Amino acid sequence: MKLVQHQPLRIAAARLLEATGASPEDARIVADHLVDSNLSGHDSHGVGMLPHYVRAIAAGLLDPKAQAAVEDAGGAILSVDGQNGFGQVVARRGTAAGMARAKATGIALVALRGAFHIGRIGTYAEQAAAEGIASIHFVNVVGHAPMVAPFRGSDARFATNPFCVAVPAAADHPAVVLDFATSLVALGKVRVALNKGEALPEGTLIDSTGQGTTDPAVMYTEPRGAILPFGLHKGYGMAFLCELLAGAFTGGGTVSTVPFEKDRITNNMLSIFIDPAQLPGAGGLEAQVAAAIEHVKASPPADPDLPVLVAGEPELAHRTQRRAVGIPIDATTWDQLVESGHAVGVVFAP
Ligand code: NAD
């Protein structure tokens, strides 16, 4: 493990992205997103994705110069054609447009299709929450081989389809940000376990014959295994609704209609933005949320070392800790980064 400070990592990541053809502004947005994911404790969506992005650009699957336009007919519904551009740039732009419309009308829906990997979804929920806007995001993944088996199935039929909801911060509480893959783990976490040489918990994966396994390699060898959805039939149902809402409703397509290509990761996202200040009950809203948080956190912890948290708190704690001591990066991921940088004259140094 290397401990890497976040500032030099941001600079090296942005330089690498600029060397691939991204504008300085877009390179900075993507680099900051990746490093902030590492800082938040989600290494699966951090700088370890850069070698993949570089390969996808070289293969013509990711267009570093794409300029996604927001399609706006003036109502509550907006859409964005990602044009295979950096997902972090496309989704940030779509989120800004949704927030602005929600501030004007109380609510907005943004249907985003065809962006390359948009990364950690909580980033967009936090972008909205920082300006007092609550948001709900349904995401699917296409163009990539499926990774997740349906409940009762024995092979992969869809992806790790993340779901995210955020309630903005108030005087008495930080933003509540629930953001997770509907699979038991995100695929990036399987990659991180493989790079670290670690097994995954039992009940997370099945191999290509449908049998349970703890070996992350089953997701990276042919014929591939699958990750199981979280929460049995309930998580499966949610994953499938992400497939429908993000895939079918945006026009971006589902795993059943979009062909796979090596190194492609296309995301579609259906987002709802709400301005809580315009809700009829808004007067009491902040106090209600604060009271609910206080109430659940007052539950005596079953293990005294593990207090009750609300969603979003683990990421805040990681940020404080990793800003102070650095971001741990495993040797395989680090070597891949150094190699990607070397190819274009960018130095990654701890
Ligand atoms: P995870 O299992 O670590 O769950 C994270 C969520 O659970 C966060 O909201 C966190 O605040 C909350 N949480 C964690 N511990 C908690 C506790 N003790 N009490 C209360 N809340 C707690 O996340 P994951 O499923 O591994 O997903 C990781 C990231 O991967 C997410 O940011 C997701 O958006 C991203 N992702 C992206 C894609 C994509 O296609 N772009 C696909 C899958 C996942």
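Here the structure is a predicted model, which means the values were calculated and not measured. All ligand and atom numbering here is 1-based and tracks the order in the structure.
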Exercise. Under 6.0 Å between ring centres, would you say that holds for His318 and His42?
Worked result: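 Between His318 and His42, the centre distance exceeds or equals 6.0 Å.
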Exercise. Strictly under 6.0 Å, is that where the ring centroids of Phe180 and Phe230 end up?
Worked result: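 Yes, ring centres under 6.0 Å apart.
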Closest protein heavy atom to [atom], given as residue, atom name and distance to 0.1 Å:
| atom | answer |
| --- | --- |
| atom 18 (N) of ligand 1 | Leu309 CD1, 3.9 Å |
| atom 43 (C) of ligand 1 | Thr160 OG1, 3.1 Å |
| atom 7 (O) of ligand 1 | Leu178 CD1, 4.4 Å |
| atom 37 (C) of ligand 1 | His45 NE2, 3.0 Å |
| atom 3 (O) of ligand 1 | Lys189 NZ, 3.2 Å |
| atom 41 (N) of ligand 1 | Gly119 O, 2.9 Å |
| atom 13 (N) of ligand 1 | Pro314 CG, 3.9 Å |

Exercise. Hey, mind stepping through Asp63 and Asn84 against side-chain hydrogen bond (donor to acceptor under 3.5 Å, both in side chains) and telling me if it holds?
Worked result: CA-CA 6 Å; Asp63 177 359; Asn84 298 318; over 6 Å; no
Show the atoms of ligand 1 that are less than 4.0 angstrom away from any heavy atom in [X].
| X | result |
| --- | --- |
| Gly312 | 11 (O) |
| His117 | 39 (C), 41 (N) |
| Ala181 | 24 (P), 25 (O), 27 (O), 43 (C), 44 (C) |
| His42 | 3 (O), 23 (O), 28 (C) |
| Asn267 | 39 (C), 40 (O), 41 (N) |

Are any of the N/O atoms in [X] less than 3.5 Å from those in ligand 1?
| X | answer |
| --- | --- |
| Glu313 | no |
| Gly122 | no |
| Glu315 | yes |

Problem set entry | Backbone N/O of Arg120 and side chain of His33: donor-acceptor pair under 3.5 Å |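 Here the side-chain-to-backbone pair exists.
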Exercise. With no hydrogens and no angle check, is any side-chain donor or acceptor of Lys65 less than 3.5 Å from a backbone partner on Gly21?
Worked result: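 Such a contact is found between Lys65 side chain and Gly21 backbone.
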If you count the non-hydrogen atoms of other residues, nucleotides and ligands that lie under 6.0 Å from [atom1] in [X], is the total more than 12?
| X | atom1 | result |
| --- | --- | --- |
| Leu309 | CG | yes |
| Phe260 | CZ | yes |
| Lys297 | NZ | yes |

Please confirm whether [X] approaches ligand 1 to less than 4.0 Å, judged on its heavy atoms.
| X | value |
| --- | --- |
| Cys164 | no |
| Val139 | no |
| Asp179 | yes |

Problem set entry | Candidates Leu61, Leu34, Asp263 - the one meeting side chain to side chain contact (heavy atoms under 4.5 Å, CB included) with Tyr53 |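 For Tyr53, the side chain to side chain contact (heavy atoms under 4.5 Å, CB included) test succeeds with only one of Leu61, Leu34, Asp263, which is Leu34.
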Exercise. Of the backbone atoms (N, CA, C, O) and the side-chain heavy atoms from C-beta on, which set of Val141 has a member under 4.0 Å from an atom of ligand 1: side chain, backbone, both, or neither?
Worked result: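 Contact part for Val141 vs ligand 1: side chain (C-beta onward).
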For this session: May I ask you to identify, for Val177, whether its side chain, its backbone, both or neither come under 4.0 Å of ligand 1 on a heavy-atom basis?
Result: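 The backbone, only.
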Exercise. Judged by modelled atom types alone, do Asn161 and Glu243 share a side-chain donor-acceptor pair under 3.5 Å?
Worked result: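 Judged by distance alone, the side chains do pair up.
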Problem set entry | Derivation of the side-chain contact (heavy atoms from CB on, under 4.5 Å) call for Thr250 and Met269 | CA-CA 7 Å; Thr250 64; Met269 173 162 75; over 6 Å; no
For this session: Enter the distance from Glu18:CD to Thr20:OG1 here, rounded to the nearest 0.5 Å.
Result: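 Between Glu18 CD and Thr20 OG1, I get 9.0 Å after rounding to 0.5 Å.
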